[in-house]
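Written out below as structure tokens is the structure these notes cover.
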2 protein chains.
Amino acid sequence: MKEDDIHTEKISYKGKDFYCSLAFALHLIGDKYKSLIIYHLKDGPMRSGELQKSITDISNRMFTYSIRALENDNLVERKVYPVTPPRVEYALTGIGKSLVPIILELNKWGQDFAGEHHLYAPGE
Amino acid sequence: MKEDDIHTEKISYKGKDFYCSLAFALHLIGDKYKSLIIYHLKDGPMRSGELQKSITDISNRMFTYSIRALENDNLVERKVYPVTPPRVEYALTGIGKSLVPIILELNKWGQDFAGEHHLYAPGE
DNA sequence: CCGCATCCAGCATGATACTG
DNA sequence: CAGTATCATGCTGGATGCGG
């Protein structure tokens, strides 16, 4: 069995089936926001509001939805401090951290693409 | 400027603004299907129908939408042979090919995750 | 004041049927 | 065979409100 072969085996996870590990991985992090959340947590835990604000153009609804999904998939850990005002922190788990290098490469790829196509806004 | 810093510069592309290169990269390939399409093209050109069939659970509508987007972003090349019945082939461009290693890593990550959690369907 | 659940309108998606 | 049109449906964003 080649490591690269996408058709290795079928994966079942929480009642859903995936025909390859890439489809499975994309189910876990392949949407508009989850990777961004993981990226912004790469340097350590962040407060909920701080994290949400760091991600431009995410609605409160999608932030809650995405962070819950990441939590349920064990990529992110949620820690609640019973204080007033409430304080909630999120941090990457071990598995979550293992994604950071891949996300960094994707980030780098985006930089290169933007650089080659001269997409950086002038004067910024 | 650190290479890793997500807040390097703002990117403008086809009338849309992105606050970091990762958000830009995710705009290009960060959805459920685009990465899968690129993956399946990694070994060379494929016919349209063949490519679509290789991706389980994609609707015709989303296949067309996704492949058009990849084409417009210069990640995939479309080649039409004027024969009857029509023959259309898709192939990765240079930039598209540069994404393959990253996608392979993500695939590998999904394999590892699934392996650790014993998600592979038995008897498969 | 912080975190987040709920509500509704608008948009994107899937299934099907159809054209060249 | 490749791709488009249409419609019903489900999801998403933004506003609002509630509990701690």
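Here is the naming used below: chain letters follow the sequence lines, and residue numbers restart at 1 for every chain.
Applying the 4.0 Å criterion to OP1 and OP2 of C:dG3, one finds that A:Arg78 has every side-chain N and O outside that range. One finds no side-chain N or O of A:Thr64 lying less than 4.0 angstrom from the OP1 or OP2 phosphate oxygen of C:dG3. Between D:dG3 and B:Ser48, a contact under 4.0 Å exists linking OP1 or OP2 to a side-chain N or O. The side chain of A:Tyr90 contributes an N or O atom lying less than 4.0 Å from OP1 or OP2 of C:dC4.
For the salt bridge (charged side-chain N to carboxylate O under 4.0 Å, His left out) condition, no pair includes a residue of residues 52-66 of chain A, sequence neighbours left out. Pairs engaging residues 61-84 of chain B under the ring pair (Phe, Tyr, Trp, His ring centres under 6.0 Å) rule: none recorded [sequence neighbours left out].
Between A:Val83 and B:Gly49, it is B:Gly49 whose nearest contact on DNA chain D lies nearer the 5' terminus.
Partners of B:Arg78 by salt bridge (charged side-chain N to carboxylate O under 4.0 Å, His left out), not counting sequence neighbours: none found. Under the rule for a ring-ring contact (aromatic ring centres under 6.0 Å, His included), A:Tyr33 has no partner lying at least two apart in sequence or in another chain. Judged as a salt bridge (charged side-chain N to carboxylate O under 4.0 Å, His left out), and not counting sequence neighbours, B:Lys79 has no contacts. In terms of the salt bridge (charged side-chain N to carboxylate O under 4.0 Å, His left out) criterion, A:Arg47 has no residue partners (sequence neighbours excluded). Scanning for salt bridge (charged side-chain N to carboxylate O under 4.0 Å, His left out) contacts around A:Glu77 gives an empty result, with sequence neighbours left out.
An angle of 30°, rounded to 10°, separates the two end axes of the helix from C:dC1-D:dG20 to C:dG20-D:dC1, each defined over five pairs.
Taking atom CZ of residue B:Arg47 and atom P of nucleotide D:dC1, one finds them 8 Å apart after rounding to whole Å. One can place CD of A:Gln52 at 13 Å from C1' of C:dA5, the figure rounded to the nearest angstrom. The distance between atom CZ of A:Phe63 and atom C1' of D:dC11, rounded to the nearest whole Å, is 19 Å. Straight-line distance from the CE atom of B:Met46 to the P atom of D:dC1: 15 Å, rounded to whole Å. Rounded to a whole Å, the CD1 atom of A:Ile67 is 16 Å from the C1' atom of C:dA5. With rounding to whole Å, B:Asp31 atom CG is found 17 Å from D:dC11 atom P.
In this structure, B:Glu71 pairs ionically with B:Arg68, as a charged nitrogen and a carboxylate oxygen lie closer than 4.0 Å.
A:Tyr81 comes within contact range of no nucleotide atom at all, as no heavy-atom separation falls under 4.0 Å.
Ranking C:dC4, C:dG3, D:dG3 by closeness to the A:Arg68 side chain, first place goes to C:dC4.
The aromatic ring centroids of B:Tyr13 and B:Phe24 lie less than 6.0 Å from each other.
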Whether each nucleotide of nucleotides 6-20 of chain C has a protein heavy atom under 4.0 Å at its base (B), only at its sugar-phosphate (S) or at neither (-) is summarised, 5' to 3', as -B-----BBB----B

